[in-house]
Student: 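Below you'll find the structure I mean.
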Amino acid sequence: MSRDAIIEIEGLGKRYRLGESVDMTRNFRETLMSLPGYFKRKAAEKLARARAAEGGAGAGGAAAENGESPAYLWALRDINLNIAEGDVVGIIGRNGAGKSTMLKILSRITQPTTGRAKIHGRLSALLEVGTGFHPELTGRENIFLNGAILGMRKAEIERKFDEIVAFAETEKFLDTPVKRYSSGMRVRLAFAVAAHLEPEVLVVDEVIAVGDFEFQNKSVRRMQQLAQEGRTVLFVSHNLAILRHFCRTGVLLEKGRIVHTGPIDDTIDHYLARSHVAQHHDIDLRKPLDNRSAGSPPFFTAFRVFGNGRPSTISTMGGSLDFELDYDYPRPVDGLRVNIIVRDINEQVVVQFSPSQQCPEKLVGSPTRGTIRCRVPWLNLIAGTYRVEINAGDNEKDIDRIPEVCEITLAEHDVFGTGKALSRIHGMVYLPCEWQTSWEKSAAPSAR
């Protein structure tokens with residue numbers, strides 16, 4: 001293990017039994033009477049695993065070989081990871097990948113099934129809205145209660161009390177029971193307490209998404225401040241723009257296992273590439289298509305998309321897209337024109353790429369078979385899903401048209417480096433621009 005590692009994780013795994021529940025209505029006598037059945041069921045499960053291990057065939061053999069049983073689910077498996085002191089780590093993955101389970105184990109909320117996780121220092125965790133809050137107590141009382149749960153001494157809470165309240169913006173409601181707070185007020189207060197603990201390690205799940213836009217920005221700035229002070233931050237979020245802006249390192253989880261670690265940009269690119277089915281980037285257009293129109297025989301034979309240089313229909317705001325169109329036509333086309341049209345979900349044209357308009361000389365004398373490539377090095381479109389149309393024609397008419405050859409998805413990215421994500425309310429496109437400000441000094445008040 002590295003001497004600089006503040007978190008050391010070795011062989012960590014967490015297994016849950018599917019369908020297992022605890023009947024809280026049972027009394028002691030009923031629980032005692034159920035024990036023989038419990039031990040009988042456990043013995044049967046042990047015997048079944050032993051037989052599967054000996055047989056090694058079929059589904060049972062495969063499950064035994066993987067150390068799994070149909071009655072169990074591994075939320076985490078074979079996690080080995082060192083996190084350096086002062087690092088800011090974004091944990092990425094689809095829903096159910098094991099992100100929250102990993103944070104709960106690190107926070108000592110959940111015990112691991114295998115392996116261990118060592119933390120050298122005090123850890124503060126904010127995993128769920130209002131965790132540790134008592135609804136009948138006031139905001140003031142819950143600050144002291146939650147601070148004590150997180151390991152703060154009373155004197156430490158008193159010293160930081162005003163700062164916590166100012167951050168949470170709950171001054172007017174300090175003596176109001178928390179049960180009357182909105183979800184946004186609860187999350188502001190909970191984050192304020194956790195963020196002012198000044199721990200060596202801060203663990204934050206996707207809770208700041210509950211707050212409003214201004215609060216999210218303030219929370220990110222607070223975490224940046226903690227990181228600049230040398231504290232370690234583990235951050236789970238689906239907001240890729242915030243992760244790119246805030247984190248230095250990324251950990252990608254998939255089905256409970258780590259599939260990639262490295263710089264945050266590389267990790268996000270891996271996540272986007274793995275989140276998409278590969279065959280969708282390469283479309284065979286020689287097969288009959290219901291939405292195809294104009295002319296026979298068809299002109300286009302294949303269509304491919306590359307997002308950020310990888311075979312994928314997923315890219316990022318500010319990233320790149322490459323289109324490749326294969327064609328095969330029985331005769332030369334005079335005045336050939338080819339268009340790639342991008343539409344939004346409302347079928348409105350957002351942008352059109354056309355060599356016929358931008359570089360018509362490249363189509364002059366084109367052979368009857370070939371490949372046309374279009375590279376878009378910088379996508380100035382807002383994050384979202386778009387539909388792509390391709391068409392080709394001559395001087396008089398269309399000879400091939402596919403209104404929806406594929407969909408492309410652009411993920412969020414902090415294109416301006418401010419930590420603020422752009423959305424549809426800012427328009428469909430964004431354009432880099434230069435700003436200047438000049439402030440005139442107000443005239444001194446005249447003496448009377």
Side-chain angles (χ1 to χ4, degrees), residues 240-241 272-273 275-296 298-327 333 335-360 362-363 371-394 396-413 415 421-432:
L240 302 182
L272 293 175
S275 297
H276 192 61
V277 181
Q279 64 261 28
H280 287 179
H281 97 284
D282 192 347
I283 304 169
D284 187 354
L285 301 181
R286 291 170 296 186
K287 300 176 181 179
L289 297 174
D290 294 336
N291 62 346
R292 197 170 200 153
S293 62
S296 180
F299 181 81
F300 299 111
T301 58
F303 181 77
R304 290 177 294 275
V305 187
F306 299 84
N308 287 334
R310 292 189 176 93
S312 174
T313 59
I314 293 180
S315 187
T316 55
M317 293 172 55
S320 66
L321 268 180
D322 293 84
F323 301 104
E324 289 187 357
L325 302 95
D326 292 349
Y327 71 94
V333 179
L336 176 63
R337 52 180 172 82
V338 175
N339 300 307
I340 301 173
I341 301 173
V342 179
R343 302 178 186 271
D344 63 13
I345 56 176
N346 298 317
E347 298 300 327
Q348 297 297 312
V349 175
V350 177
V351 65
Q352 176 173 310
F353 306 109
S354 174
S356 313
Q357 297 174 341
Q358 297 168 337
C359 51
K362 292 187 179 297
L363 297 181
T371 300
I372 299 173
R373 297 180 178 87
C374 173
R375 176 167 176 75
V376 186
W378 182 268
L379 289 166
N380 287 8
L381 298 181
I382 297 296
T385 299
Y386 299 87
R387 298 185 175 98
V388 180
E389 171 189 328
I390 57 175
N391 62 62
D394 55 22
E396 300 178 355
K397 62 183 184 303
D398 287 344
I399 57 176
D400 200 359
R401 177 174 178 265
I402 305 176
E404 188 176 329
V405 66
C406 76
E407 288 188 347
I408 57 174
T409 301
L410 302 186
E412 290 181 340
H413 181 49
V415 290
L422 299 176
S423 64
R424 292 297 175 99
I425 64 172
H426 300 101
M428 292 298 298
V429 299
Y430 64 92
L431 298 175

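None of these values were measured; they are calculated from a predicted model.
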Student: Of V338, L325, I341, N339, which meets side-chain contact (heavy atoms from CB on, under 4.5 Å) against I390?
Tutor: L325
Student: Rounded to the nearest 0.5 Å, how far apart are OG1 of T385 and CD of E407?
Tutor: 6.0 Å
Student: Check the angle between the aromatic planes of F353 and F323 and answer parallel, tilted or perpendicular using the 30° and 60° thresholds.
Tutor: tilted
Student: Might you point out which heavy atoms bring A411 and A383 nearest each other, and give the distance in Å?
Tutor: C-CB, 3.8 Å
Student: Grab the two heavy atoms, one from W378 and one from G318, that are nearest each other, plus how far apart they are.
Tutor: CE3-O, 3.2 Å
Student: Does a side-chain heavy-atom distance below 4.5 Å link V405 with L285?
Tutor: yes
Student: Counting only heavy atoms not in R286 (residues, nucleotides, ligands), do more than 12 fall under 6.0 Å from its CZ?
Tutor: no
Student: Check V429, T316, L321 against L379 for a side-chain contact (heavy atoms from CB on, under 4.5 Å) and give me the one that passes.
Tutor: L321
Student: Decide yes or no for E324 and D282: does some side-chain heavy atom of the first lie under 4.5 Å from some side-chain heavy atom of the second?
Tutor: no
Student: Please name the residue in the list Q348, Q352, E389 that meets the side-chain hydrogen bond (donor to acceptor under 3.5 Å, both in side chains) test with R343.
Tutor: E389
Student: For Y386 and I382, which heavy atoms make the closest approach, and how far apart are they?
Tutor: OH-O, 2.6 Å
Student: List the residues meeting salt bridge (charged side-chain N to carboxylate O under 4.0 Å, His left out) with R310, not counting sequence neighbours, and say none if there are none.
Tutor: none
Student: Quick check against the 3.5 Å criterion: does S315 have a side-chain atom that pairs as donor or acceptor with the backbone of S320?
Tutor: yes
Student: Check D322 with R373, please: is the shortest side-chain N to carboxylate O separation under 4.0 Å?
Tutor: no
Student: Do Y327 and D400 touch side chain to side chain, with heavy atoms closer than 4.5 Å?
Tutor: no
Student: Please report the closest heavy-atom contact between R292 and F299, naming both atoms and the distance.
Tutor: NH2-N, 4.2 Å
Student: If you take all heavy atoms of L363 and R337, which pair is closest and at what distance?
Tutor: CD1-CA, 4.3 Å
Student: Report yes if the side chains of V376 and V351 come closer than 4.5 Å at any heavy-atom pair, otherwise no.
Tutor: no
Student: Check whether D394 reaches the backbone of L336 with its side chain - one donor and one acceptor, N or O, closer than 3.5 Å.
Tutor: no
Student: What are the two closest heavy atoms between P403 and R401, and how far apart are they?
Tutor: CG-NH1, 3.6 Å
Student: Apply side-chain hydrogen bond (donor to acceptor under 3.5 Å, both in side chains) to the pair T301 and D326, showing each step before the final yes or no.
Tutor: CA-CA 5 Å; T301 58; D326 292 349; 4.8 Å; no
